[in-house]
Number of protein chains: 2
Amino acid sequence: MSSQGWSIAEAADALGLSVDTLRYYERDGLLLRPVPRGGSGHRRYEEVDLRWVELVTRLRSTGMPIRDVRRYADLVRAGAGNEADRLDVLRNHRDQVLRQLAEVTTHLAAIETKIATYEDRLAPREKTA
Amino acid sequence: MSSQGWSIAEAADALGLSVDTLRYYERDGLLLRPVPRGGSGHRRYEEVDLRWVELVTRLRSTGMPIRDVRRYADLVRAGAGNEADRLDVLRNHRDQVLRQLAEVTTHLAAIETKIATYEDRLAPREKTA
DNA sequence: GGTTGACCTGGAGCGCGCTCCAGGTTGTTG
DNA sequence: CAACAACCTGGAGCGCGCTCCAGGTCAACC
């Protein structure tokens with residue numbers, strides 16, 4: 001058990017990411033701050049770090065590119081005063097996700113039709129009436 | 001106007017893909033057959049080619065990797081007898097897409113909550129009752 | 001206090017899905 | 001028939017998002 005915070009392995013585990021990915025996100029400016037270090041130079045993730053990475057994960061896994069996540073992190077890091085800009089980023093992303101969902105849903109319907117076709121073709125002992 | 005079929009540029013335009021992508025798909029074995037050529041060696045896409053690429057597009061844009069599309073194309077190309085295998089591929093993909101949709105939807109909800117937070121913070125002249 | 005495993009950094013490597021290029025042939029239009 | 005656009009092939013290049021590696025330090029347990 002650690003004095004405080006989580007090691008990078010513990011954080012990775014909790015977040016469902018790899019330790020490499022965590023270090024990569026930090027290097028690439030996706031985090032709000034450099035993750036604090038213990039005396040040894042090893043990272044000690046705190047609650048606030050984990051929660052931020054959680055948000056990053058949500059943005060990433062809804063398809064936001066790394067570079068946009070970084071721009072958003074830049075805004076938040078800049079501090080109070082640019083909330084309208086942040087809102088813009090989030091709204092644009094939401095709209096993008098909605099468009100994406102709609103498109104996938106449409107394509108999915110077509111694929112399910114195709115599945116139904118094969119199912120019909122492959123159901124020899126289906127009752128017909 | 002062409003004697004018959006569509007040039008690669010026309011096909012690309014109709015399908016919303018680039019000509020490079022169309023050639024790439026063909027090279028990579030995603031199509032059911034080599035696209036037929038006119039006397040000059042230029043491709044002439046026929047209805048059946050366009051319809052197949054349309055399906056490929058649906059699979060691709062719902063996230064099926066190129067290699068899986070190729071495996072599916074291989075099955076269809078092999079002719080009658082493997083319908084159960086094709087069905088398997090499609091069903092697995094559908095399930096994958098559904099999982100993906102569920103995940104994105106969940107993340108989206110969290111993002112919308114965050115948007116709402118910013119909206120509240122930025123709405124000074126909101127009526128309170 | 002020695003060994004073993006976690007962690008560190010900087011940088012290279014990789015799989016994916018295109019996209020672009022060179023160098024050449026063909027089709028079309030004025 | 002000249003000029004210019006569209007097409008061809010084989011192969012290189014690229015942006016993305018990690019992932020892995022080397023070479024070294026550190027910690028934690030027996």
Side-chain angles (χ1 to χ4, degrees), chain A residues 1-31 34-46 49 53 55-73 93 96 100 104 107, chain B residues 1-31 34-46 49 53 55-73 93 96 100 104 107:
Chain A
M1 205 138 282
S2 340
S3 46
Q4 60 173 321
W6 292 267
S7 73
I8 193 169
E10 290 162 346
D13 200 58
L15 293 163
L17 299 172
S18 73
V19 298
D20 279 310
T21 298
L22 279 179
R23 283 193 283 244
Y24 164 64
Y25 282 176
E26 187 175 348
R27 263 204 269 189
D28 232 48
L30 271 55
L31 305 194
V35 176
R37 308 298 179 108
S40 64
H42 291 188
R43 289 173 179 81
R44 304 264 65 185
Y45 287 78
E46 295 174 11
D49 301 303
V53 178
L55 173 59
V56 169
T57 298
R58 277 201 254 275
L59 295 174
R60 288 290 303 118
S61 66
T62 48
M64 183 183 283
I66 293 279
R67 114 186 52 91
D68 292 4
V69 177
R70 183 169 42 237
R71 292 197 316 107
Y72 184 69
H93 180 57
Q96 179 62 36
Q100 174 69 12
V104 168
H107 287 320
Chain B
M1 204 137 284
S2 340
S3 45
Q4 60 173 319
W6 291 267
S7 73
I8 193 169
E10 290 163 346
D13 201 59
L15 292 162
L17 299 172
S18 72
V19 298
D20 278 309
T21 298
L22 279 178
R23 283 194 281 246
Y24 164 64
Y25 282 178
E26 186 175 346
R27 266 204 268 189
D28 232 48
L30 270 57
L31 305 193
V35 176
R37 309 298 179 108
S40 65
H42 292 189
R43 290 173 180 80
R44 305 264 63 186
Y45 288 79
E46 295 173 13
D49 302 301
V53 178
L55 172 59
V56 168
T57 298
R58 277 201 253 276
L59 295 174
R60 288 291 302 120
S61 66
T62 49
M64 183 183 283
I66 291 280
R67 113 186 53 91
D68 293 4
V69 177
R70 183 169 42 237
R71 291 198 315 108
Y72 184 68
H93 180 57
Q96 179 61 35
Q100 174 68 11
V104 169
H107 287 320

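Naming convention: chains lettered A, B, ... in sequence-line order (proteins, then strands); numbering from 1 in each chain.
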Problem set entry | Nucleotide-resolved protein contact map, nucleotides 1-15 of chain C, B/S/- at heavy-atom distance under 4.0 Å | ------SSBBB----
Tell me the interatomic distance from [X], atom [atom1], to [N], atom [atom2], rounded to whole angstroms.
X	N	atom1	atom2	result
A:Leu59	D:dC16	CG	C1'	17 Å
A:Glu26	D:dC18	CD	P	15 Å
A:Leu22	D:dC20	CG	P	15 Å
A:Asp28	D:dG17	CG	C1'	9 Å

Looking at [N], I'd like to know if its phosphate oxygens (OP1 or OP2) sit under 4.0 Å from a side-chain N or O belonging to [X].
X	N	result
A:Tyr24	D:dC20	no
A:Tyr25	D:dC18	yes
B:Thr21	C:dC18	no

Problem set entry | Set of residues satisfying side chain to side chain donor-acceptor pair (under 3.5 Å) with respect to A:Asp13, sequence neighbours excluded |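 Expected list: none.
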For this session: Quick one: list whatever passes side chain to side chain donor-acceptor pair (under 3.5 Å) with A:Ser18, sequence neighbours left out.
Result: A:Thr21
Exercise. Which of these passes side chain to side chain contact (heavy atoms under 4.5 Å, CB included) with A:Leu22: A:Ile8, A:Val35, A:Leu31?
Worked result: A:Ile8
Set of side chain to side chain contact (heavy atoms under 4.5 Å, CB included) partners for [X], sequence neighbours left out:
X	value
A:Gln100	A:Glu103, A:Val104
B:Arg58	A:His107, A:Ala110, B:Glu54
A:Thr57	A:Leu17, A:Val53

